[in-house]
Number of protein chains: 2
Amino acid sequence: MAVTIKDVAKLANVAPSTVSRVIANNPRISEKTKKKVKEAMRQLGYHPNFIARSLASQSTQAIGLVMPSSADIVFQNPFFSTVLRGLSEGAHVKHYALHMTTGKTDEEIFDGVMQMVQGGRVDGVILLYSKVEDKIQSYLRERNFPFVVIGKPFKNVEEITHVDNDNFRAAKDVTEYLIKLGHQQIAFVGGSLNMVVTVERLLGYEKAIREAGITLVNEYIVHEQFLREGGQEAIRGLLSLERPPTALVVSDDLMALGVLNTLNEIGLAVPEDMSIISFNNVIIAEMSRPPLTSVDINIFDLGFEASRSLIQLIENPKEPVKRIIIPHQIVERSTCAAPNLG
Amino acid sequence: MAVTIKDVAKLANVAPSTVSRVIANNPRISEKTKKKVKEAMRQLGYHPNFIARSLASQSTQAIGLVMPSSADIVFQNPFFSTVLRGLSEGAHVKHYALHMTTGKTDEEIFDGVMQMVQGGRVDGVILLYSKVEDKIQSYLRERNFPFVVIGKPFKNVEEITHVDNDNFRAAKDVTEYLIKLGHQQIAFVGGSLNMVVTVERLLGYEKAIREAGITLVNEYIVHEQFLREGGQEAIRGLLSLERPPTALVVSDDLMALGVLNTLNEIGLAVPEDMSIISFNNVIIAEMSRPPLTSVDINIFDLGFEASRSLIQLIENPKEPVKRIIIPHQIVERSTCAAPNLG
DNA sequence: TTGTATGCGTTATCAA
DNA sequence: TTGATAACGCATACAA
């Protein structure tokens, strides 16, 4: 058996409650006994038992992380390593631990969340993604359980604390950037419309197009799981239009990489024949050839701030709902140029 | 307050212990009361409290995950998303939860492990990497705490359950593959020698070289954090030798991508002027141009088996030490060819 | 087959 | 400033 508070108490000749107070750094305790107790702890190599503490104090000092479906290809995205880093560092500041739940199906994930929450394993939850219709968000709201979403909640935006980029604005910026370069035929290549981020970026794209007085072409809007072979048809479809686009707004770097490859196979040069701008600016953006012009959304900060906000929420339930917008910047590299008007 | 075992007991007109037995699926209980209790649980929406259960049963049903330093660039490697998936699915089978600890420095990470372990937050620990001198491994061994390492332990291999590839063999295979293609000047580009995996791969490479009767050239062995600009000098150094290599064994896909870019800038064609073969076969291996010939090490299985083994170890402390070797396969793509003997 | 009582290692509420 | 003592929610040995 491990050494407990009682062992320490015995050695220090005090009551267990006194030891507990020393641990909690209770001010109403004499320097002398504090020192005595600390010495005993050191001697015995005492370490507090989190489980017992959690049970007694009804708080775990742990944050639950909800990942997207592990079956989903987005799970492979370096995005998650990076948010995780931010999340972890944010939690670390306040000495919170990280508890994870994943699952293959939505059902599995939901069960995992229920277990974490009702099982009292965590004090709060962070959703690492935002879907259009999300049972989990409703569930947490109903139970009034502290949670934060990374991304924009689809419903009840005003009532859910979330950390997000202004994806609408970012997409608009990006599209205007292409327009300024002289492009008029700009296509949008996005992921699943079930993800709020895709919706936002699509809307921003459309807004920019409209504001520029360009007519929206339905065929220019494509949604695909764009990795590997899958994306090929979509791109070929785009190129077989009578007026094929001269530029692409791609919703994710990994997708953009797939697009780049497809274009390469077709024999189109980037940026000469086609401009591409994408989002997230993960590590491979700068490692692709040509290096991707991409929107840096500061993924690390997304995670860091999410942890911070959740902890605030946990420690002060009256904390007002917050919406934290992490800034973004276009990182210009080599995939955008003026259109080839040949 | 949440609904507890007592509430259920009251409603079902039984003792709390009876409810507890129903939960535990104790066979010594009549079908009738079991049904009655289950109905009461359903009616009240009862969920067992994991914390209380953990305290009483001295087991948490949670696995602790130790990641490498989040400051480290390897953290960004898609490798981790994939092991995580495997780990998660393996744990899920036996209803274990995942608890994470990360940190920027080795010190932080070590503290995190101590807290997890001594704080009783987890029943066992999985190390997601293997370093040459690792305080954490010694610590866990001393305390006789169940743990599994993904990779090969540097010390006490016979006494630590681990899940690994035969990296020595894989590197040997790969080198022989290049030799068979006709290469005689083969360089090795690896990561930090503090990682056991690097050491193993280097040894395999050397073995193959020697067995083929080729003399080992010290200048052909390079260790670098090869991402981004950093790798350039190393590659340029290699190329400025009087007899530059015609092929490269690169210890990681991401590194290989960096190498590919550098070669591209220098104006060397792959595989015509230089063959490259790398390890891990993460998603970007097939998305690079040209697509990388890479060793698939079945990352998912690495994680899956690690979870399984740890759980076995936890549930049966007498479980013998195991060494699980996950098979590997060379996936031929487009970065290897016969040397250009021009 | 079921109920009673005790303990798991803390925190927290009273008294002293 | 400190010490008893009762929770916290569940598991389990022992009784019945």
Side-chain angles (χ1 to χ4, degrees), chain A residues 1-38 40-41 44-62 95 97 115-123 315, chain B residues 1-38 40-41 44-62 95 115-123:
Chain A
M1 271 300 77
V3 27
T4 77
I5 212 176
K6 287 182 190 167
D7 304 320
V8 177
K10 208 167 289 174
L11 181 62
N13 256 319
V14 295
S17 48
T18 303
V19 178
S20 177
R21 281 191 269 262
V22 172
I23 296 172
N25 227 320
N26 190 314
R28 302 189 310 187
I29 201 140
S30 77
E31 273 308 316
K32 209 180 87 191
T33 50
K34 188 187 280 187
K35 202 159 255 168
K36 198 169 56 178
V37 169
K38 287 204 170 175
M41 299 201 306
L44 296 170
Y46 168 79
H47 267 260
N49 181 313
F50 277 103
I51 301 296
R53 172 183 289 185
S54 297
L55 186 59
S57 66
Q58 300 288 71
S59 103
T60 61
Q61 293 265 93
H95 307 289
Q115 291 213 355
M116 281 201 314
V117 172
Q118 316 230 17
R121 280 221 216 242
V122 298
D123 295 338
E315 299 190 339
Chain B
M1 273 297 80
V3 27
T4 78
I5 212 176
K6 285 182 191 167
D7 304 318
V8 177
K10 208 168 290 173
L11 181 62
N13 256 319
V14 296
S17 53
T18 304
V19 178
S20 177
R21 290 195 186 93
V22 172
I23 297 172
N25 229 321
N26 191 314
R28 304 190 307 188
I29 201 136
S30 78
E31 273 307 318
K32 209 180 85 190
T33 48
K34 188 187 281 188
K35 205 160 256 172
K36 198 168 57 176
V37 168
K38 288 205 169 175
M41 297 202 306
L44 296 169
Y46 170 79
H47 268 259
N49 181 314
F50 276 103
I51 301 297
R53 173 183 291 186
S54 298
L55 186 59
S57 66
Q58 299 290 69
S59 101
T60 61
Q61 294 263 95
H95 306 289
Q115 291 214 353
M116 280 201 316
V117 171
Q118 315 229 20
R121 280 222 218 241
V122 298
D123 295 337

Would you call A:Lys36 and A:Thr33 a side-chain contact if the rule is heavy atoms closer than 4.5 Å?
yes
To the nearest angstrom, how far is A:Gln58 atom CD from D:dA6 atom C1'?
14 Å
Could you pull out the closest heavy-atom pair between B:Val3 and B:Gly45, with the gap in Å?
CG1-O, 3.8 Å
To the nearest Å, give me how far apart CD (B:Gln61) and C1' (D:dC10) are.
14 Å
CD-CZ distance between A:Gln61 and A:Phe50, expressed to the nearest 0.5 angstrom:
7.5 Å
Describe the nucleic acid contact of B:Ser17 in one word from base, sugar-phosphate, nothing, applying a heavy-atom distance below 4.0 Å.
base
Between C:dT10, C:dG3, D:dC10, which one does the side chain of B:Asn49 approach most closely?
D:dC10
Taking the nucleotide of DNA chain C with the closest heavy atom to each, which residue, B:Ala56 or B:Lys32, is nearer the 5' end?
B:Lys32
Touch check for B:Phe50, heavy atoms < 4.0 angstrom, all strands: base, sugar-phosphate only, or nothing?
nothing
Nearest-Å distance for atom pair NZ/C1', residues A:Lys34 and D:dT1
12 Å
Expressed in angstrom and rounded to an integer, what is the separation of A:Leu55 atom CG from C:dG7 atom P?
16 Å
Can you tell if the side chain of B:Val8 reaches within under 4.5 Å of the side chain of B:Leu11, non-hydrogen atoms only?
no
Below 4.5 Å, heavy atoms only, C-beta onward: do A:Ile29 and A:Val22 meet side chain to side chain?
yes
So which atom in A:Ser54 and which in A:Thr60 form the shortest heavy-atom distance, rounded to 0.1 Å?
OG-CA, 3.5 Å
Roughly how many Å is it from NZ in A:Lys36 to P in D:dT1, rounded to a whole number?
14 Å
Considering every strand and a 4.0 Å limit on heavy-atom distances, what is the contact class for A:Thr33: base, sugar-phosphate, or nothing?
sugar-phosphate
Find the distance A:Ile51:CD1 to C:dT11:C1' and express it as a whole number of Å.
15 Å
Within this structure, what is the CD-NZ distance for the pair B:Glu31 and B:Lys38, rounded to the nearest 0.5 Å?
8.5 Å
Using whole Å, what does the distance between atom P of nucleotide C:dT1 and atom NZ of B:Lys35 come to?
16 Å
Over all atoms of both residues, closest heavy-atom pair of B:Ala9 and B:Ala15:
CB-C, 3.8 Å
Could you tell me the separation between the CG atom of B:Leu44 and the NZ atom of B:Lys10, rounded to the nearest 0.5 Å?
11.0 Å
Tell me which of A:Val14 and B:Thr4 sits closer to the 5' end of DNA chain D, going by the nucleotide each one is nearest to.
A:Val14
Gap between atoms CD1 and P, on B:Ile5 and C:dG7 respectively (whole Å):
18 Å
Quick check for you: to the nearest 0.5 Å, what is the distance between B:Arg21 atom CZ and B:Lys34 atom NZ?
13.0 Å
Out of C:dT11, C:dT4, D:dC10, which nucleotide sits closest to the side chain of A:Arg53?
C:dT11
Double-helix bend of the helix from C:dT1-D:dA16 to C:dA16-D:dT1, axes at both ends from 5 pairs, round to 10°, gives 40°
Note: contacts of residues 18-30 of chain B with DNA chain D (heavy atom, under 4.0 Å) are B:Ser20, B:Arg21
Using a heavy-atom cut-off of 4.0 Å across all strands, would you classify A:Pro48 as base, sugar-phosphate, or nothing?
sugar-phosphate
